[in-house]
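Everything quoted here is computed from the prediction, not taken from an experiment.
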Amino acid sequence: MRKLFGGINLTWPKLIIFAVIAGLYTGLMAYLPQTQDTSFADITISFEVWVFFGTIIIMNSKSNLDSALKCFVFFLISQPLVYLVQVPFSAMGWGIMSYYKNWILWTILTLPMGYIGYYLKKDKWWGLFILVPVMLFVGLHYSGFLSEAVSFFPNHLLSTIFCAVTIILYSLFIFRDKKLIKISFIIALCILIAFTGLTLIHGTSSYNTTILSDGGELGAEFDDTYTAYFENEKFGTCEIVYEEGIEAYMINAEFRKTGHTRLIIESPDGDKQYYDLEVERHSYEITESNEKNE
């Protein structure tokens, strides 16, 4: 592990190959529907893995200028590739490249970040003022992923673990001075404990939405004398409400799990209507169920 943080001969050809692989992989993860709302797609929308890549580049560079230029070139190659890979498959075509503008500023900022980051290799106490903000930044990602993992287990569990592990790795292997290692490790533990505590205190997240209306496209029939519930209670809760604005009864759901279940609407007489639900983190699909038996 020590070799990863300073023992690699990171030549320019190796850096370019590294950037191409990172860009291609990220573009693939962004395109594949199977990876959506999973840890594998997190690299496409968050920074924790890119921070790790940048740290490896910095720690294996030969000077401040070398570090700055290699970080810049790495992101200059990898980020456009993320979108270029998707052009042939996306309905937007070349229009998908418009998303790259969000990364242009970050790519430019890698020049000063790479230059300053190289001072970590000096193994001085003031290096903590560079490392601690990085660990805090990754800690924020850890908190967000932990909240998702707890609320919609096992969604984003791998990303949660990745953030926690890399924070610890940064504290143990960036510095060589034993006192600095001890101090940075204690800080890393404090960051993880603090963000874990704050996340758990905040509570779980849920996906709240309206999933069905009386007399809508699916022909559901119900009013406030009916009851609605999920076949699998782990998916959350739902309730029938009356919306005065449209003068109709609706079923509002609070989802706490993703996957497949069924919505059951039961009349006062015990008659039941069944609807298949495919729940994702921020969307759902509901269809009338062909299977009527529980």
Side-chain angles (χ1 to χ4, degrees), residues 1 4 21-22 24-53 55 82 85-86 134-172 188-211 229-238 252-264 275-287 289 291 294:
M1 191 60 68
L4 188 65
I21 293 173
L24 292 175
Y25 173 80
T26 305
L28 183 63
M29 291 301 102
Y31 168 72
L32 291 175
Q34 295 88 344
T35 65
Q36 300 307 303
D37 292 320
T38 70
S39 295
F40 295 101
D42 287 334
I43 190 175
T44 68
I45 57 175
S46 57
F47 291 91
E48 70 288 340
V49 176
W50 299 104
V51 171
F52 183 65
F53 290 162
T55 303
V82 172
V85 170
Q86 300 175 69
V134 172
M135 293 196 295
L136 285 170
F137 185 58
V138 179
L140 287 171
H141 288 68
Y142 165 77
S143 178
F145 291 135
L146 179 62
S147 177
E148 289 293 304
V150 171
S151 303
F152 296 92
F153 186 85
N155 289 26
H156 305 284
L157 178 61
L158 292 178
S159 292
T160 305
I161 296 172
F162 179 86
C163 289
V165 170
T166 53
I167 289 174
I168 296 298
L169 290 179
Y170 297 150
S171 70
L172 292 177
L189 289 180
C190 290
I191 288 173
L192 290 174
I193 292 171
F195 277 119
T196 300
L198 290 172
T199 301
L200 296 179
I201 290 172
H202 182 266
T204 57
S205 302
S206 61
Y207 169 36
N208 299 285
T209 186
T210 298
I211 58 174
Y229 53 92
F230 298 128
E231 188 174 55
N232 185 342
E233 296 179 354
K234 293 181 179 179
F235 274 77
T237 59
C238 57
N252 291 341
E254 182 179 17
F255 292 115
R256 296 187 177 277
K257 181 178 172 61
T258 59
H260 177 79
T261 189
R262 288 199 297 175
L263 169 69
I264 301 173
Y275 296 89
D276 289 317
L277 267 170
E278 198 66 39
V279 183
E280 297 183 4
R281 178 59 182 90
H282 300 288
S283 64
Y284 70 92
E285 183 177 351
I286 184 169
T287 55
S289 179
E291 184 179 353
E294 291 188 80

Might you confirm whether atom [atom1] of [X] has over 12 heavy atoms from other residues, nucleotides or ligands at distances under 6.0 Å?
X: Phe53; atom1: CZ; result: yes
X: Glu233; atom1: CD; result: no
X: Glu278; atom1: CD; result: yes

Nearest 0.5 Å, what's the [atom1]-[atom2] distance between [X] and [Y]?
X: Thr196; Y: Leu200; atom1: OG1; atom2: CG; answer: 6.5 Å
X: Arg262; Y: Thr287; atom1: CZ; atom2: OG1; answer: 11.0 Å
X: Met29; Y: Gln86; atom1: CE; atom2: CD; answer: 11.0 Å
X: Ser147; Y: Leu198; atom1: OG; atom2: CG; answer: 11.5 Å
X: Phe152; Y: Arg256; atom1: CZ; atom2: CZ; answer: 7.5 Å
X: Leu277; Y: Leu263; atom1: CG; atom2: CG; answer: 5.5 Å

Report yes if the side chains of [X] and [Y] come closer than 4.5 Å at any heavy-atom pair, otherwise no.
X: Thr261; Y: Phe255; answer: no
X: Leu189; Y: Ile168; answer: yes
X: Tyr275; Y: Ile211; answer: no
X: Val49; Y: Asp42; answer: no

Could you check whether any side-chain N or O of [X] sits under 3.5 Å from a backbone N or O of [Y], counting only pairs where one atom can act as donor and the other as acceptor?
X: Thr44; Y: Ala41; value: yes
X: Thr166; Y: Cys163; value: yes
X: Thr258; Y: Arg281; value: no
X: Gln36; Y: Ala30; value: yes

message = If only side-chain N and O atoms count, and only distance matters, is there a donor-acceptor pair under 3.5 Å linking Ser143 with Thr199?
response =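 Yes, a side-chain donor-acceptor pair sits under 3.5 Å.
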inquiry  = Hydrogens and angles aside, do Ser151 and Tyr207 bring a side-chain donor and acceptor to less than 3.5 Å of each other?
reply    =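 No pair is found: no donor N or O on one side chain lies under 3.5 Å from an acceptor on the other.
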key: Derivation of the side-chain contact (heavy atoms from CB on, under 4.5 Å) call for Tyr142 and Thr160   = CA-CA 5 Å; Tyr142 165 77; Thr160 305; 3.6 Å; yes
request  = Please assess Val51 against Phe137 for the test side-chain contact (heavy atoms from CB on, under 4.5 Å), listing each intermediate value before the final yes or no.
outcome  = CA-CA 9 Å; Val51 171; Phe137 185 58; 4.0 Å; yes
request  = Could you label the plane-to-plane angle of the Phe145 and His141 rings as parallel, tilted or perpendicular, counting under 30° as parallel and over 60° as perpendicular?
outcome  =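 Ring orientation of Phe145 relative to His141: tilted.
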inquiry  = Show, in sequence, the C-alpha distance, side-chain angles and deciding distance for Tyr170 and Val138, and conclude whether the side-chain contact (heavy atoms from CB on, under 4.5 Å) test is met.
reply    = CA-CA 11 Å; Tyr170 297 150; Val138 179; 4.3 Å; yes
request  = For a side-chain contact (heavy atoms from CB on, under 4.5 Å) with His260, tell me which candidate from Val279, Asn232, Asp276 qualifies.
outcome  =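 Filter result, single survivor: Asp276.
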request  = Grab the two heavy atoms, one from Ala188 and one from Ile167, that are nearest each other, plus how far apart they are.
outcome  =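 Minimum heavy-atom contact is CB-CG2, 3.7 Å.
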message = side-chain contact (heavy atoms from CB on, under 4.5 Å), that's the test. Do Leu136 and Ile191 meet it? Break it down for me.
response = CA-CA 7 Å; Leu136 285 170; Ile191 288 173; 3.9 Å; yes
